[in-house]
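What follows is a set of notes on a single structure, which appears directly below.
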Amino acid sequence: MSDTIARPDRFGSNAGQPMTRRDGLAKVTGTATFAADNAREGLLHAVYVPATIARGRVASLRTDAAEAHPGVIRVITPANRPALPGDPEAKPTRFSFAIEVLQDDLVRYAGQPVALVVAETIEAATEGARLVTATYEADPPRTDLDDAPDFGIDTPDFGAPGDVVHGDPEAGHAAASTAIDATYEIAPQYHNAMETHAIVAEWDGDRLLLDTPSQALSMSCAAYAYLFDIPVENVTLRSPYLGGGFGSKAIPNGPLVLAIIAARDLARPVKLMLTRQQMFGPVGHRGQTRQRIRLGADGDGALTVIDHENLAATSSFEMFLEPASNASQGLYAAKALRSRHRGVRLDIGTPGPMRAPGEASGSAVLECAVDEIAEAAGMDPLDFRLKNYAETEPGTGRPYSSKALRECYARGAEAFGWKDRPREPGKMRDEAGLLVGWGMGTAFFPSPMFAAEARATLRADGTAIVETSAADMGQGAWTSLAQIAADSLGLPLDSVEFRSGHSALPDGGVAGGSGHTATAGGALHAAGGNVIRQLGEMAAEQPDSPLFGAGNARLRAHGGRLHVEGDETRSDALVDILARAGKSELVASGKASRPDEDAKRHAMNSHGAVFAEIRVDPDLGQMRVTRLVGAFAAGRIINPRLAESQLKGGMIWGISFALHEEARHDRRTGRIVNADLAEYRVPVNADVRGLEVITVHEDDAYVNALGIKGVGEIGITGTVGAIGNAIHHATGKRFRRFPIRPRDLLAT
Ligand code: MOS
């Protein structure tokens, strides 16, 4: 394997262990400080007034009652808003969108801020916002895919997926002896992390201190620096804990910037926290899609074509098209592949990344379509997938860096009992007479990696501090990243203090794309490795050291000591080497990224197989997912407990996607009528039963130095299709709209 980019170093005693969360105690006892927990001397509170129409302009704003309300300090409107040096419609970073910050009187979507009330207390600000009265000149809102003309994409970019064609799709259609052609609709879904977006902003001259959750600290700082025309080093952003990010907290939004504007204008710290209702608008969402998928297969059940067209909603003023049909590019060995995207501009907040953007919506449709054509071809759905198993990346022919999908299929099927599945739908009932259905789906997610830096400091007492800015989204990075860092230094976890979530620390990259562990972990590993390398060089020159003259080539750190590999009699304590050198500490930095050449050489993805059992009451239309088994191969698993938790979280979101989540617009006002967690349905405990996760080990010598892929998003991808297919297997009916609702069952 001469083209191996780096051999995964052998790990010490920490990585691979199911350690409990290091932040767990702080979180359950309430001592973990989330952004909105921050209080400051002289703190003011800001609440914005949301537009009650979706399209048009604000004709008048009456603010006198609000201004007269006790405690209200200022009401900011487009008429008096302090100037913002940067252009709110520019995109200063790769993860930026145009933001709505009272720059004009246009209403672009329901819930857009039209005024900001700043007051001494949250109560006064809330009441003040209620007392602002707006009148509107409203135009008919466009909130559905049929409400506006569709358009193609001129320039593929972030948010504007390009078309991909491999082979000859028309020939593929012509060669098919079995074909399906189906169109699916997926309702819009809105970000609802437990922690709503929040900020505490404080200015000191032209220095800005922000407490706000961020999945991308350095990019967020760059965006704020641009908007307020200050040097990026003047922005300090603290984000030690996030109560969930899911992509929404990777991108700065209008309400946060309004709070910063108010803080500067009033020269006092300002806190703003979105209400649950306000999450339905300015902070991104999974955009509505309508996907047409056409598959063809020959007489042997080999796919001749996968042809996937996606129509996605974006806002009237910004571009983010859910890249759903991309999901069809990387999975099955079809002779021809085509994925295309078109957009529709609606009077909605700009959509954006939401856990497994593209793949979640796209694979839901692809996996249902594969089930349908397998049935049409008279094949078991698993056999069909194995028949069309891609040994190299479809279209490009690139080898996979690793791909244990076959083993995922086998282990998942075995654990689920798939072999006992009757081919024909509607054949299984439980003891209570409910229809039972079994379905499966393939899970798939790319393994990206961002660039990151980290620092490691070994101290004379044998403890270490390891640092990188990248924030923990709640997924367990405080623990798994510390495990990697401890191993890189050959120390027990308890000896390592991990610092993160602060912009002054080395740039930890982006906690997104399921790449956080690989990204920040890679940088931490490199930093620790550099400390150890320096110690090895020092020891080799210390006549008193057992490692004197040993050189660095075969040294390995574990148990607080440096060992000559293969000769356990020769070792030296890290602290002794440090002491002999007369140093109180040793500091080293490390970087990690994936060079373009490495990214080009291999296809890099996590894979999995999800099996679902559903029970359907045909009289009531009630559907319950009674079992979900997911087997996933995602490279090296750093912390099996936390990885399993991530995969389960994704699978639960799959239940949510398949059966629950949907934002609905009032057709007259364009407002979302179910903008709260009472009416916007998400699974509760009663909806989640029998969840089993199997992780299949993979050694991957190419994906990155540590062999880490990612587990954050893949769990949704196979699950939605598996549930849709299970419902078909129970009822014999195909439902082509997600979520699948009781009334859909009753209507057929
Ligand atoms: Mo994710 S949508 O990359 O946070």
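Side-chain atoms of His729 never come within 3.5 Å of backbone atoms of Ile614 as a donor-acceptor pair (strictly under, hydrogens ignored). With Asn192 contributing its side chain and Tyr190 its backbone, the two residues share a donor-acceptor pair below 3.5 Å. Using a distance-only test at 3.5 Å, with no hydrogens or angles considered, a donor-acceptor pair links the side chain of Ser363 to the main chain of Thr717. No donor-acceptor pair under 3.5 Å is formed between the side chain of Asp383 and the backbone N or O of Leu386. In this structure a side-chain-to-backbone donor-acceptor pair under 3.5 Å is missing from Ser401 to His602. Side chain of Glu407 to main chain of Glu698: no donor-acceptor pair is present (N/O by atom type, distance under 3.5 Å, no hydrogens or angles). Of the possible donor and acceptor atoms, none in the side chain of Asp617 sits under 3.5 Å from a partner among the backbone N and O of Gln622. Remark: the backbone N or O of Gly710 is paired with a side-chain donor or acceptor of Ser606 at under 3.5 angstrom. Looking only at distances, a side-chain donor or acceptor of Thr314 sits under 3.5 Å from a matching main-chain atom of Glu318. In this structure a side-chain-to-backbone donor-acceptor pair under 3.5 Å is present from Arg421 to Trp438.
Look at Arg294 and Glu309 and you find a salt bridge, because one of the NZ, NE, NH1 or NH2 atoms lies within 4.0 Å of a carboxylate O, short of that distance. With respect to Arg667 and Asp147, a salt bridge is recorded, a charged nitrogen being found less than 4.0 Å from a carboxylate O. The pair Arg355-Glu713 fails the salt-bridge criterion, with no side-chain N (NZ, NE, NH1 or NH2) lying under 4.0 Å from an Asp/Glu carboxylate O. Here Arg624 pairs with Asp687 in a salt bridge; the nearest charged N to carboxylate O distance falls below 4.0 Å. Salt-bridge check for Glu185 with Arg737: failed, with every basic side-chain N at 4.0 Å or more from each acidic carboxylate O. Under the 4.0 Å criterion applied to side-chain N and carboxylate O atoms, Asp146 and Arg290 are assigned as salt-bridge partners.
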- Show your working on side chain to side chain contact (heavy atoms under 4.5 Å, CB included) between Ile672 and Tyr680 and close with a plain yes or no. CA-CA 10 Å; Ile672 293 172; Tyr680 182 87; over 6 Å; no

- Evaluate the side chain to side chain contact (heavy atoms under 4.5 Å, CB included) criterion for residues Val436 and Glu613: first the C-alpha distance (whole Å), next the side-chain angles of each, then the deciding distance (0.1 Å), finally the verdict. CA-CA 7 Å; Val436 177; Glu613 177 182 271; 3.9 Å; yes

- Task: Quick one: do Tyr184 and Phe735 satisfy ring-ring contact (aromatic ring centres under 6.0 Å, His included)? Show the steps, please.
- Result: CA-CA 8 Å; Tyr184 285 78; Phe735 297 98; over 10 Å; no

- Item | Stepwise side chain to side chain contact (heavy atoms under 4.5 Å, CB included) test for Arg55 and Arg142 | CA-CA 8 Å; Arg55 180 186 177 202; Arg142 302 159 299 188; 3.4 Å; yes

- Message: Run Arg108 and Thr350 through side chain to side chain contact (heavy atoms under 4.5 Å, CB included) and show every step you take.
- Response: CA-CA 10 Å; Arg108 299 157 174 83; Thr350 303; over 6 Å; no

- Give the intermediate values and the outcome of salt bridge (charged side-chain N to carboxylate O under 4.0 Å, His left out) for residues Lys733 and Asp744. CA-CA 10 Å; Lys733 296 170 190 164; Asp744 299 324; over 6 Å; no

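Pro381 is not listed as a side-chain neighbour of Glu375, based on a closest heavy-atom distance of 4.5 Å or more. In this structure the side chain of Phe97 reaches within 4.5 angstrom of the side chain of Phe158, judged on heavy atoms. Contact annotation: the side chain of Leu331 never approaches that of Asn605 to less than 4.5 Å [non-hydrogen atoms, C-beta and beyond]. The side-chain heavy atoms of Arg601 and Asp598, taken from C-beta on, include a pair separated by under 4.5 Å. Taking the side chain as every heavy atom from C-beta outward, Pro351 and Glu322 never approach each other to under 4.5 Å. Taking 4.5 Å as the limit, every side-chain heavy atom of Pro141 sits out of range of all side-chain heavy atoms of His665. Side-chain atoms of Asn725 and Cys368, non-hydrogen and from C-beta on, do get closer than 4.5 Å to each other. Val720 is not listed as a side-chain neighbour of Glu367, based on a closest heavy-atom distance of 4.5 Å or more.
Annotation: cation-pi pair Lys709/Phe632 absent, no NZ/CZ under 6.0 Å from the ring centroid and within 45° of its normal. Both tests do not hold together for Arg385 against Tyr409: distance to the six-membered ring centre under 6.0 Å, angle to the ring axis within 45°.
Separation of atoms OH (Tyr332) and CG (Leu295) is listed at 9.5 Å; rounding is to 0.5 Å. The CZ atom of Arg338 sits 12.5 Å away from atom CD1 of Ile306, with the distance rounded to the nearest 0.5 Å. Here the CH2 atom belonging to Trp653 is positioned 5.5 Å from the CD1 atom belonging to Ile716, to the nearest 0.5 angstrom. To the nearest 0.5 angstrom, Arg636 atom CZ is 6.0 Å from Asp699 atom CG. Note that the CG atom of Asp298 and the NZ atom of Lys387 stand 7.0 Å from one another [nearest 0.5 Å]. Remark: Phe320 CZ to Ser315 OG distance equals 11.5 Å, nearest 0.5 Å.
Val696 approaches Cys408 most closely through the heavy-atom pair CG2-SG, 4.0 Å. Here the closest non-hydrogen pair linking Ser316 and Asp347 is CB-OD1, 4.2 Å. Closest approach of Arg736 and Ala182 over heavy atoms only: NH1-CB, 3.2 Å. Closest of all the heavy-atom pairs between Val510 and Phe450 is O-CD1, 3.7 Å. Between Ala658 and Ile723, the shortest heavy-atom distance links the atoms CB-CG2, 3.8 Å. Residues Pro394 and Leu337 come closest through the heavy atom pair CB-CD1, 3.5 Å.
Defined by atom type and a distance below 3.5 Å, a donor-acceptor pair is present between the side-chain atoms of His173 and Asp307. Gln329 and Ser339 share a donor-acceptor pair across their side chains, judged by distance under 3.5 Å alone. For the residue pair Ser328 and His308, a side-chain donor N or O sits within less than 3.5 Å of a side-chain acceptor on the partner. Inspection of the Asn310 and Ser325 side chains reveals no N or O donor paired with an N or O acceptor under 3.5 Å.
Between His607 and Tyr400, the ring planes lie perpendicular to each other; the angle is over 60°, past the 30° to 60° tilted range.
Enclosure of atom CD in Glu414 is not indicated, since only 12 or fewer non-hydrogen atoms of other residues, nucleotides or ligands lie within 6.0 angstrom.
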